[in-house]
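The structure appears right after this line, and notes come after that.
Numbers here simply count residues along the sequence, with the first being 1. Side-chain atoms are counted along with the backbone in the values below, which use heavy atoms only and exclude waters and symmetry mates.
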Amino acid sequence: MTLRVYRVRPDGSTVTVRERREIEPADDVPWAQALPPCSCPRCTSRVADR
């Protein structure tokens with residue numbers, strides 16, 4: 001996989017922040033169908049109100 005970090009200027013042109021690099025994906029990442037529940041204050045208060 002190739003990764004490149006860049007910034008888009010207001011006129012639409014791009015500026016490279018970090019050059020392209022080859023990245024190896026992690027092999028030990030568990031795959032799941034669902035995301036973990038959100039723990040931000042806004043979502044937590046909604047769950048408490050139910």
Side-chain angles (χ1 to χ4, degrees):
M1 174 180 354
T2 304
L3 182 68
R4 175 179 163 229
V5 180
Y6 61 94
R7 179 176 298 136
V8 179
R9 293 179 179 161
D11 65 357
S13 62
T14 59
V15 177
T16 300
V17 176
R18 293 192 182 134
E19 294 294 328
R20 290 178 190 245
R21 295 189 184 203
E22 290 295 320
I23 306 296
E24 291 295 325
D27 291 331
D28 60 347
V29 178
W31 291 97
Q33 293 285 331
L35 297 173
C38 183
S39 61
C40 79
R42 189 173 96 186
C43 291
T44 305
S45 67
R46 283 189 206 166
V47 171
D49 292 339
R50 290 185 189 174

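- No side-chain heavy atom of T2 sits under 4.5 Å from any side-chain heavy atom of R21.
- Applying the side chain to side chain donor-acceptor pair (under 3.5 Å) rule to R20 yields no partners; only residues at least two apart in sequence or on another chain are considered.
- Under the side chain to side chain donor-acceptor pair (under 3.5 Å) criterion, S13 pairs with D11, not counting sequence neighbours.
- For the residue pair R7 and T14, no side-chain donor N or O sits within less than 3.5 Å of a side-chain acceptor on the partner.
- With rounding to the nearest 0.5 Å, the separation of CZ in R4 from CZ in R18 is 13.0 Å.
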